[in-house]
Number of protein chains: 2
Amino acid sequence: MRLDDPTPVSSPPRRLVRQSLADGVADELRRALIAGELADGAPIPEVHVATRLGVSRGPVREALIELERDGVVEFDSRGRSLVRPLTEEDFEEIFQLRLAIEPLAARLAAQRMTPEDHANFEGLLAGLDECGTWEKFHAWDVEFHEAILLTAHQRRLHAAWRTLKLQMARWLMELQRRRSLVTGHKLPQTIKYHRRLAALLIEGKAKAAETEMRWHIGVWGEWLPAVKAKA
Amino acid sequence: MRLDDPTPVSSPPRRLVRQSLADGVADELRRALIAGELADGAPIPEVHVATRLGVSRGPVREALIELERDGVVEFDSRGRSLVRPLTEEDFEEIFQLRLAIEPLAARLAAQRMTPEDHANFEGLLAGLDECGTWEKFHAWDVEFHEAILLTAHQRRLHAAWRTLKLQMARWLMELQRRRSLVTGHKLPQTIKYHRRLAALLIEGKAKAAETEMRWHIGVWGEWLPAVKAKA
DNA sequence: TGGTTGTGGACTGTTGACAATCGACAACCA
DNA sequence: TGGTTGTCGATTGTCAACAGTCCACAACCA
């Protein structure tokens, strides 16, 4: 890339973005949360995180606020932050919210799909072939749903969904750890369903995509028993 | 109230809550935003707010982050905060999101209504009689919808809705300022509809309340033309 | 012994100061 | 003149320190 060309680079590749320390701290906390390094209900003293990561308390504070918005951290009445325990009701809530958000997003995405989105989804669809394990598939799945939310072009809808994303990841890890997942679902079958949904989106069949997504989330909600077994 | 009684006061009345400066700053900014004292797109330098309110930049930072979550403030690439301009697309988005959230909330609220909630809604219903002006009614309306979201007992749903609340207030003020509101709607009629919705909730008719709310939001969405006229 | 009263430690809330970044505008030069 | 290079002011990012609050535990007393 030539650096003496004065025309600005507008598209994503090779653009320098300054990432604040707060963002870095948030990323690190997210990682730790998903990795299960922080137990449910464990306190997260600002000072500890700060010294551990070699920053001051300011950025840590901001990161914690960010994570509170994502629903994985909560502040007690005295302002101390702690890992928000996962409860069965949370799962139920997340289920309801997904049911409200994602079918709508699917409809809008199908309606508003541009040629670029089109190509994007074709690529995703192709990537599905390489999902030989549940682990790979789950990674693909998150990317897929995120793509739908992005394609819907609704900032607020996406923001609401984002707050669910991290929590779903935590559930997934927790369930995998207990090996209580994959409750009667076959991977090839699951992949088939996703292929179907992706096809509807690509074809721009808005109403059908919405219905399919509603059903899709419903299936996901069937994990609830596994969740109950854990809680 | 006796202060030498060791039993803690759990219910709302007379309980001392420490409000951080950040919360106070956020409240003040919210007020200014709704009052129209901050123009669309106007920068909000931390230092200005801090000196104006006699606090340091820390709490102001946190307040601005809070308002960004509420969707009324945005940060540019360099971290500077500014008043997020209201656009027609925003209104459309808010409409879609309300349509996804509130009917669901109404259904859940009707299902889960406790005797206390019951009394609460009865009180609200009575308060409707004193809404002689649109202004009073709008205040009542916000309280009403908030009560529904609270009664649904879904943290995340409520959180998603809260981010819309402030923005709706901004729209309302903006439209009132332009006198482009009340587009063919009569106040007594509007009050009648609300009375009907409230009755369904109180009677616990979940499905009917959900449908009514969907229609209700749909009517609200008819303000869109007025919004377009403004934008 | 049972309840009250210090006292220390662990945190958070808030602040003021310093460093870094960026736009605007002036100075400079080929 | 057109483009490049300083420089200044405005604003945010980050930090270290201080003050306030609360819990836990010990000391104390009736």
Side-chain angles (χ1 to χ4, degrees), chain A residues 2-10 14-29 32 38-39 41-69 72-84, chain B residues 2-10 14-29 32 38-39 41-69 72-84:
Chain A
R2 299 188 46 131
L3 290 177
D4 54 349
D5 181 348
T7 63
V9 182
S10 58
R14 293 260 142 244
R15 187 174 176 190
L16 254 47
V17 275
R18 197 167 25 137
Q19 174 160 342
S20 72
L21 283 186
D23 292 336
V25 174
D27 285 344
E28 180 59 21
L29 284 173
L38 290 167
I44 317 176
E46 293 172 1
V47 192
H48 291 198
V49 181
T51 54
R52 192 82 166 37
L53 299 180
V55 299
S56 74
R57 278 175 48 218
V60 175
R61 265 181 96 81
E62 292 185 17
L64 287 171
I65 292 177
E66 164 104 18
L67 291 183
E68 192 223 4
R69 154 165 56 183
V72 291
V73 160
E74 69 181 2
F75 295 101
D76 65 14
S77 60
R78 231 202 300 170
R80 289 174 304 187
S81 49
L82 45 94
V83 180
R84 183 158 209 281
Chain B
R2 297 189 48 131
L3 291 177
D4 54 349
D5 182 346
T7 62
V9 181
S10 57
R14 292 263 143 241
R15 186 174 176 191
L16 252 48
V17 276
R18 204 172 14 141
Q19 176 161 345
S20 71
L21 283 186
D23 292 337
V25 174
D27 285 344
E28 180 58 20
L29 284 174
L38 290 167
I44 317 176
E46 294 173 0
V47 191
H48 291 199
V49 181
T51 53
R52 193 83 168 30
L53 299 180
V55 300
S56 72
R57 277 176 49 218
V60 175
R61 265 180 96 79
E62 292 185 17
L64 287 171
I65 292 177
E66 164 104 18
L67 291 183
E68 192 223 6
R69 153 165 55 182
V72 291
V73 160
E74 68 181 2
F75 295 101
D76 66 13
S77 60
R78 230 204 298 171
R80 289 174 304 187
S81 49
L82 45 94
V83 180
R84 183 158 208 282

Quick one: side chains of residues 48-55 of chain B, donor-acceptor pairs under 3.5 Å with protein atoms, not counting sequence neighbours, listed by atom name and distance.
| from | atom 1 | to | atom 2 | distance (Å) |
| --- | --- | --- | --- | --- |
| B:Thr51 | OG1 | B:Val47 | O | 3.0 |
| B:Thr51 | OG1 | B:His48 | O | 3.0 |

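From A:Leu67, atom CG reaches atom CD of A:Glu74 across 13.0 Å, with rounding to the nearest 0.5 Å. Distance CG/B:Leu82 to CG/B:Leu64: 10.0 Å, rounded to 0.5 Å. Note that the CG atom of B:Asp76 and the OG atom of B:Ser81 stand 8.5 Å from one another [nearest 0.5 Å].
Note: CD (A:Glu46) to P (D:dA17) measures 17 Å, nearest angstrom. B:Phe75 places its CZ atom 17 Å from the C1' atom of C:dT21, with the value rounded to the nearest Å. A straight line from CD of A:Gln19 to C1' of C:dA20 spans 17 Å, rounded to a whole angstrom.
Partner assigned to D:dA30 is C:dT1, using Watson-Crick or G-U wobble distances below 3.5 angstrom. The partner of C:dG13 is D:dC18, by the rule that a Watson-Crick or G-U pair needs both atom distances under 3.5 Å.
Listed nucleotides: D:dT14, C:dC11, D:dT11. Nearest to the side chain of B:Pro45: D:dT11.
If you check residues 49-68 of chain B against DNA chain D, the residues with a heavy atom closer than 4.0 Å are B:Arg57, B:Arg61, listed by number.
The nearest heavy atom of DNA chain D to B:Ile44 and to A:Arg80 marks one nucleotide each, and the one closer to the 5' end goes with B:Ile44.
Pairing each heavy atom of A:Ala63 with each of A:Ala22, the nearest pair is CB-O, 3.6 Å. Closest heavy-atom contact between B:Val83 and B:Ala39: CB-O, 3.3 Å.
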**Message:** Between B:Arg84 and B:Val73, does the side chain to side chain contact (heavy atoms under 4.5 Å, CB included) criterion hold? Intermediate values first, please.
**Reply:** CA-CA 5 Å; B:Arg84 183 158 208 282; B:Val73 160; 5.8 Å; no

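Taking only side-chain nitrogens and oxygens, B:His48 never comes nearer than 4.0 Å to OP1 or OP2 of D:dA10.
Each of A:Arg69, A:Glu62, A:Glu68 was checked for a side chain to side chain contact (heavy atoms under 4.5 Å, CB included) with A:Glu66, and the lone residue meeting it is A:Arg69.
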N/O-N/O pairs, protein side and nucleotides 7-9 of chain D side, under 3.5 Å:
none

